[in-house]
**Q** 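Dumping the structure here so I can ask a few things about it.
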Number of protein chains: 2
Amino acid sequence: MTAPHPALRLFLRRLSLRSRLTEEEQRAILAMRGHVGQALPNRDIVPPGHRVDHSCLVAEGLAGRFGQLPDGMRQITAIYIPGDMCDLHSAMLPRVEWALQALSAPLTYVKIPHGELLRVSRAYPAVAEAFWRDCVVDASIIAQWVVSLGRRSAVARAAHLLCEMALRIESAGQGTRTTFDFPATQIHVADALGITAVHMNRVVRSLRQRGVLAWTGRTIRILDWDALVHIGSFDEGYLEFHPDAERRPM
Amino acid sequence: MTAPHPALRLFLRRLSLRSRLTEEEQRAILAMRGHVGQALPNRDIVPPGHRVDHSCLVAEGLAGRFGQLPDGMRQITAIYIPGDMCDLHSAMLPRVEWALQALSAPLTYVKIPHGELLRVSRAYPAVAEAFWRDCVVDASIIAQWVVSLGRRSAVARAAHLLCEMALRIESAGQGTRTTFDFPATQIHVADALGITAVHMNRVVRSLRQRGVLAWTGRTIRILDWDALVHIGSFDEGYLEFHPDAERRPM
DNA sequence: CGGAAAGTTGACGTCGATCAATTCCAGTGG
DNA sequence: CCACTGGAATTGATCGACGTCAACTTTCCG
């Protein structure tokens with residue numbers, strides 16, 4: 001038996017942030033088999049309108065979930081970091097209506113067949129609930145994006161997203177909340193915030209000039225965390241860290 | 001044994017749109033016990049920042065999930081119709097960060113204890129997956145809202161939402177896609193679309209003048225479905241109707 | 001060293017916000 | 001039966017955030 005892929009350990013770490021799993025359940029998750037893949041930005045890893053039979057686990061880099069409009073405009077509806085199973089939900093709804101693309105060059109990911117995921121989740125009810133809970137956390141994050149897009153200014157939206165990414169990256173052990181690798185372009189972030197690349201640039205400039213942010217190349221340094229939290233009126237509650245003692249199946 | 005509440009039958013109907021359940025599993029769902037509640041708009045049914053021990057199933061009327069900002073602005077992140085279990089996800093994450101409010105006067109709902117939901121889902125893996133899938137469908141809808149808020153104009157957003165509500169209401173057996181009861185106010189819809197009530201009114205006027213929509217009192221009549229679909233560049237795929245033959249646990 | 005993609009900046013236009021009335025309507029009490 | 005009331009709907013005038021268009025510069029990578 002070969003060693004599990006490091007990305008699976010990250011995935012287990014993410015699950016363990018919100019769900020308690022026994023040794024055995026953890027072993028079962030780590031034992032899932034998959035195929036490693038690589039991808040470059042601007043080409044679909046998962047194309048919309050098709051049926052998929054596997055979920056993609058980010059191993060290295062960033063991935064984004066894209067909604068497309070007939071006029072060519074696109075909107076990112078989720079950003080995934082290492083340890084995120086981008087489309088765990090496709091195990092329940094295998095016909096997908098969105099696209100998955102790399103936001104970094106390169107992106108490394110592991111394709112886990114739905115068969116593996118369902119086998120483990122059906123063998124261990126606690127794993128099924130951990131997967132279910134993971135999807136719920138994803139939905140909770142998307143709901144916050146709705147709030148941002150609906151009611152926050154462009155600068156506030158940017159600040160909020162940066163806070164979110166900082167904490168998620170920190171909790172995944174991929175950096176600290178004030179200094180982390182962020183290989184996406186301003187264009188990608190603009191597509192996530194629902195603004196144009198031009199305006200995104202002005203937003204970044206504004207945050208830079210206020211001495212809140214330093215964003216050079218692929219690294220982001222947050223120089224004034226409290227200010228950023230304030231600008232984005234950020235409240236980390238929705239990220240749902242901290243597993244709950246009562247969440248074990250009986 | 002008393003008869004199950006009619007709302008439970010609607011809920012089962014909703015689940016059955018996407019998941020296949022055996023007779024026994026269906027009976028187990030219908031056997032869940034709950035307490036009926038009523039609510040008026042503008043008062044929290046579920047307040048944010050608290051732990052809940054039950055999920056709310058809409059029986060009659062409309063409910064909305066609200067995100068709140070410090071400055072008092074609010075954004076609706078989901079609209080629920082009869083048969084929707086508003087916060088089924090709270091069974092997995094009982095500490096909620098949003099509020100639930102009535103969008104109609106009155107709203108009737110059934111509070112189902114998490115204990116009941118978890119008991120049934122742990123007894124029947126297929127039910128657990130049906131619940132999981134239901135949450136995934138909710139997330140899929142929210143993701144479309146992100147696309148709307150990020151990249152569509154106000155009129156397009158309104159048209160898209162109306163199409164969505166029409167199909168959801170039709171599939172719940174509460175009307176047809178062209179004529180249905182919609183007891184929410186323009187203010188509520190504005191809060192869902194991320195625009196002001198004033199502009200919402202102009203949007204409605206525009207759709208009315210184009211002969212697409214008639215919205216009088218609590219009834220909506222869509223006079224030109226194709227036009228509405230076109231204006232909102234609406235594609236119903238994300239609503240995920242039609243259960244899938246391969247979705248049964250083995 | 002050359003080319004493409006990303007980043008950056010300015011000028012100008014527009015969609016939707018804001019402010020401020022006014023009208024409509026259901027419910028309520030006299 | 002009618003005045004009264006408060007929320008919703010409606011409309012106009014004005015303003016500002018962000019989009020659009022069009023350069024130009026920097027960075028990256030072969």
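Bear in mind that the values here come from a model prediction, so they are computed numbers and not experimental data. Proteins come first, then strands; the chains are lettered A, B, ... in the order of their sequence lines, and each starts at number 1.
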**Q** For residues 102-113 of chain B, tabulate all N or O donor-acceptor pairs below 3.5 Å that involve a side-chain atom, not counting sequence neighbours.
**A**
from: B/Ser104; atom 1: OG; to: B/Leu62; atom 2: N; distance (Å): 3.0
from: B/Ser104; atom 1: OG; to: B/Pro106; atom 2: O; distance (Å): 3.2
from: B/Thr108; atom 1: OG1; to: B/Gln38; atom 2: NE2; distance (Å): 3.1

**Q** What protein N or O atoms touch nucleotides 5-9 of chain D N or O atoms at under 3.5 angstrom, if any, and at what distances?
**A**
from: D/dA9; atom 1: OP1; to: B/Gln186; atom 2: N; distance (Å): 3.4
from: D/dA9; atom 1: OP2; to: B/Gln186; atom 2: N; distance (Å): 3.0

**Q** Please state how far atom CG in A/Leu103 lies from atom C1' in C/dA6, giving the value in whole angstrom units.
**A**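 Atom CG in A/Leu103 sits about 15 Å away from atom C1' in C/dA6.
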**Q** Would you please name every residue forming a side chain to side chain contact (heavy atoms under 4.5 Å, CB included) with A/Ala197, sequence neighbours left out?
**A**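 So A/Ala197 forms a side chain to side chain contact (heavy atoms under 4.5 Å, CB included) with A/Ile187.
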**Q** So A/Asp138 and A/Arg14, salt bridge (charged side-chain N to carboxylate O under 4.0 Å, His left out) or not? Walk me through it.
**A** CA-CA 12 Å; A/Asp138 252 28; A/Arg14 175 182 154 124; 3.2 Å; yes
**Q** I want to check one thing: is the phosphate of C/dT8, taken as OP1 and OP2, less than 4.0 Å away from some side-chain N or O of A/Arg205?
**A**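 So the side chain of A/Arg205 is outside the cut-off, no N or O lying under 4.0 Å from OP1 or OP2 of C/dT8.
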**Q** Mind telling me whether A/Tyr238 and A/His160 have parallel, tilted or perpendicular rings, with 30° and 60° as the class edges?
**A**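 Because their plane-to-plane angle is under 30°, the rings of A/His160 and A/Tyr238 count as parallel.
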**Q** How would you list, by chain and number, every residue that makes a side chain to side chain contact (heavy atoms under 4.5 Å, CB included) with A/Leu167, sequence neighbours excluded?
**A**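 Applying side chain to side chain contact (heavy atoms under 4.5 Å, CB included) to A/Leu167 gives A/Glu170, A/Arg177, A/Trp225, A/Phe234, A/Glu236, A/Leu239, A/Phe241.
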**Q** Please collect all side chain to side chain donor-acceptor pair (under 3.5 Å) contacts where either partner lies in residues 207-216 of chain A, sequence neighbours excluded, each pair once.
**A**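 Found A/Ser206-A/Arg210.
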**Q** Could you list all N or O pairs between the protein and nucleotides 16-20 of chain D that sit under 3.5 Å apart?
**A**
from: D/dC18; atom 1: OP1; to: A/Ala154; atom 2: N; distance (Å): 2.8
from: D/dG19; atom 1: OP1; to: A/Thr196; atom 2: N; distance (Å): 3.3
from: D/dG19; atom 1: OP2; to: A/Thr196; atom 2: N; distance (Å): 3.4
from: D/dG19; atom 1: OP2; to: A/Thr196; atom 2: OG1; distance (Å): 3.2
from: D/dT20; atom 1: O4; to: A/Arg202; atom 2: NH2; distance (Å): 3.0

**Q** Between A/Arg151 and B/Asp71 (salt bridge meaning N to carboxylate O under 4.0 Å), is one present in this structure?
**A**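 No.
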**Q** Assess whether a salt bridge exists between A/Arg65 and A/Asp87, defined as any Lys/Arg side-chain N lying under 4.0 Å from an Asp/Glu carboxylate O.
**A**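 Not counted as a salt bridge, because no side-chain N and carboxylate O are separated by less than 4.0 Å.
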